[in-house]
Q: 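Mind having a look at this structure? Questions to follow.
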Amino acid sequence: MMKRKFTMTLLCASMIAMTGCNDDETIYKPDPNIESKLQKLTDENSSLTTRNSQLTTTNSQLLENNQRLTTEVNDLKNSPTIQAHDFISQCKIIGTDFDFVNPNADVNEVNTAAIQTLAASTDCKSCHGASNPPPHADYGDCKNCHEGHADAPEPELPTGGPTLPTFAQPAFLPGAIDGKTGASGSTFYTPGSYLNAQWLYRQLNAQFHIYRWKEVSTGGVIKLEEACQLAQRQHMVDMFPNDGKAYEIEHKNNAIGAKSIATVNKFQEDGKAVETPNIATFGYGLKEIDGAYFVTMNIGKGNTCHNIIMNGEARLSYYEYDPAQVEKTGLAIPSRNRGARIIAKTDYERTGLLGADWATAVPGLGVGETFKPEDVKWEDVGACNLMLKIENIIPLG
């Protein structure tokens, strides 16, 4: 037994001696190519993880947007596809389709001149409903302004350009003072002045048209469907009220320029003669008779009427102003300032003074009865049907 143990011990010792001193030990090292591939796969996996997270977020947003769009589509199915913003669109929604027609579009031009020459109105309803004062109280009586009015043909274009003078022009000079002719100082408004009497006539009579809804107690229309069938519907901009009340389309005309009249007040104060300027605004007109031009107006008794009769003259201004324009003046270009000045004398034969009823001529002072200022008893006068003969048309100043 002892001999066997010794033998095993000796065998183990000899094996240790044989292996313990071996210098050829082998150490494992990974393959660099495999490591590179492993790192690349790791990076790609990280990138895919990030991209997947981004796509998940985008998908969530798209799902939200899709839900919102689905809601909007459902809302549109239950609502009109357009919202009304004017009368035309109101009617379009209910199936009545027509185009807007601008009632104030230019109807005539000379060459390329940007001149607004709106057609004169033939609608007399707006002023013929008045009883006192009578129709055209500030313009002239019916005889003066309605000759052939209803069946008159369209007026022909004026002869010559708007700045071609009908009357000989005074000499405008720097620093000049000329109260008689009005040629005071230099004039730079000539390019923007209607010096041609025919052109001035057209401008004075031109009208700006206004269409609006008017509530009425009788007649009219209540429903939008009815309103969309009305005559003159094509000129309406404002939406139909559609509030259960009755409305009709009301048509009004306004002059496109301001008309002013300057006269002189003469009176005694503390024993001294005093003169003061008098400025008034009336809608006067212009009329041609046998080649001569006249200013016409029918106004109530007042300073203007009194001064025109007693002094025998007046200075008038016609003025168009457009604040939207850059250029100061000119008729060949869009501009701010246009117009003319008129120098006129009283025509005592064509002028008539009326009583308080604005209709009955004061005896001896009617149209066709030539009279003198000293013949007038002002306590008998209620209104004045005035005619002034134009002596000159000069530039705006």
Side-chain angles (χ1 to χ4, degrees), residues 107-108 110 115-122 124 127 135-149 152-169 182 189 192-208 253-263 279-299 304-305 308 312-320 331 338-352 367 384-397:
V107 295
N108 285 297
V110 173
I115 302 172
Q116 190 176 29
T117 53
L118 306 181
S121 171
T122 57
C124 303
C127 58
H136 301 300
D138 60 350
Y139 180 83
D141 63 16
C142 291
K143 182 178 180 181
N144 279 338
C145 68
H146 277 271
E147 293 176 354
H149 184 60
E154 285 294 320
E156 297 180 358
L157 283 174
T159 302
T163 59
L164 181 65
T166 299
F167 301 90
Q169 295 295 290
Y189 284 104
S193 297
Y194 301 102
L195 303 181
N196 184 320
Q198 294 181 19
W199 270 103
L200 181 58
Y201 169 82
R202 289 177 65 85
Q203 294 304 114
L204 288 172
N205 292 334
Q207 299 288 307
F208 186 88
N253 301 316
N254 288 327
I256 64 173
K259 306 170 184 179
S260 301
I261 306 168
T263 57
I279 306 294
T281 299
F282 293 110
Y284 61 81
L286 192 149
K287 187 176 182 66
E288 181 182 1
I289 302 176
D290 297 330
Y293 291 91
F294 297 84
V295 171
T296 69
M297 71 187 91
N298 195 350
I299 61 177
T304 298
C305 169
I308 288 175
E313 64 177 352
R315 302 290 174 99
L316 303 95
S317 172
Y318 173 67
Y319 183 46
E320 299 171 359
L331 298 180
R338 298 174 176 180
R341 286 181 290 166
I342 303 171
I343 299 175
K345 300 286 187 180
T346 306
D347 186 323
Y348 290 100
E349 181 180 359
R350 291 185 171 88
T351 290
V367 174
C384 310
N385 183 7
L386 301 170
M387 291 278 283
L388 296 92
K389 185 177 181 180
I390 296 177
E391 299 288 320
N392 208 341
I393 300 174
I394 62 176
L396 189 67

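Computation of the quantities below employed the complete heavy-atom set of this structure, encompassing side-chain atoms and omitting hydrogens, waters and symmetry-equivalent molecules.
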Q: Less than 4.5 Å apart, any side-chain heavy atom of Leu286 and any of Ile390?
A: yes

Q: Are Leu396 and Arg338 close enough that some pair of their side-chain heavy atoms sits under 4.5 Å apart?
A: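 Of all side-chain heavy-atom pairs linking Arg338 with Leu396, none is under 4.5 Å.
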
Q: Side chains of Tyr318 and Tyr284, heavy atoms from C-beta outward: is any pair under 4.5 Å?
A: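 Yes, at least one pair of side-chain atoms sits under 4.5 Å.
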
Q: Run the side chain to side chain contact (heavy atoms under 4.5 Å, CB included) test against Ser260 and tell me which residues pass, sequence neighbours left out.
A: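 Result, side chain to side chain contact (heavy atoms under 4.5 Å, CB included) vs Ser260: Thr281, Ser317.
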
Q: Could you tell me which non-hydrogen atom of Ile393 sits nearest to which non-hydrogen atom of Ala340, and how far apart they are?
A: CG2-CB, 4.0 Å

Q: Could you report the tightest heavy-atom contact between Ala314 and Ile261, atom names first, then the distance?
A: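 Smallest heavy-atom distance, with atoms named: CB-CG2, 4.2 Å.
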
Q: Would you say the side-chain atoms of Asn196 pair up with the backbone N or O of Gly161, donor to acceptor, closer than 3.5 Å?
A: yes

Q: Could you check whether any side-chain N or O of Trp199 sits under 3.5 Å from a backbone N or O of Gly160, counting only pairs where one atom can act as donor and the other as acceptor?
A: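 Yes: the side chain of Trp199 pairs with the backbone of Gly160.
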
Q: So Ile342 and Leu200, do their side chains get closer than 4.5 Å, heavy atoms only?
A: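 Contact flag for Leu200/Ile342 side chains = yes.
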
Q: Any donor-acceptor pair under 3.5 Å linking the side chain of Lys259 with the backbone of Leu204?
A: yes

Q: Quick check: does any side chain N or O of Thr263 sit under 3.5 Å from a backbone N or O of Thr304, one acting as donor and the other as acceptor?
A: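 Answer holds: no.
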
Q: Can you name the closest pair of heavy atoms from Ala292 and Lys389 and give their distance?
A: CB-CE, 4.1 Å

Q: Measure the OH-CD distance between Tyr201 and Glu288 for me, rounded to the nearest 0.5 Å.
A: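 Separation between the atoms: 9.0 Å.
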
Q: Using side-chain heavy atoms (C-beta onward) and a distance below 4.5 Å, is Thr351 in contact with Cys384?
A: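 In short, these two side chains do not touch, never coming nearer than 4.5 Å.
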
Q: Could you state the interatomic distance from CG (Leu388) to OH (Tyr348), rounded to the nearest 0.5 Å?
A: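 Leu388 atom CG to Tyr348 atom OH measures 9.0 Å (nearest 0.5 Å).
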
Q: With rounding to the nearest 0.5 Å, note down the distance linking CD in Glu313 to CD1 in Ile343.
A: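 Between Glu313 CD and Ile343 CD1, I get 9.0 Å after rounding to 0.5 Å.
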
Q: On a heavy-atom basis, which atom in Pro158 and which in Arg202 lie closest, and how many Å separate them?
A: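 Here Pro158 and Arg202 meet closest at CG-CD, 3.1 Å.
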
Q: Does any N or O in the side chain of Gln169 come within less than 3.5 Å of the main-chain N or O of Phe167, such that one atom is a donor and the other an acceptor?
A: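 Yes.
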
Q: Could you tell me which non-hydrogen atom of Ser193 sits nearest to which non-hydrogen atom of Thr163, and how far apart they are?
A: O-CG2, 3.4 Å

Q: Let me confirm one number: the OH-CD distance from Tyr194 to Gln203, rounded to the nearest 0.5 Å.
A: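 Here the interatomic distance stands at 3.5 Å.
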
Q: Just jot down the side chain to side chain contact (heavy atoms under 4.5 Å, CB included) partners of Glu349, sequence neighbours excluded, or say none.
A: Asp347, Thr370

Q: So how far is it from Tyr189 OH to Arg341 CZ, rounded to the nearest 0.5 Å?
A: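 Here the rounded value is 10.5 Å.
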
Q: For the CG atom of Leu316 and the CD1 atom of Ile308, what is their distance to the nearest 0.5 Å?
A: 7.0 Å

Q: Give the minimum heavy-atom separation between Pro395 and Leu195, together with the two atoms involved.
A: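 In this case the closest contact between Pro395 and Leu195 is N-CD2, 3.5 Å.
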
Q: Residues in side chain to side chain contact (heavy atoms under 4.5 Å, CB included) with Ile279, at least two apart?
A: Ala262

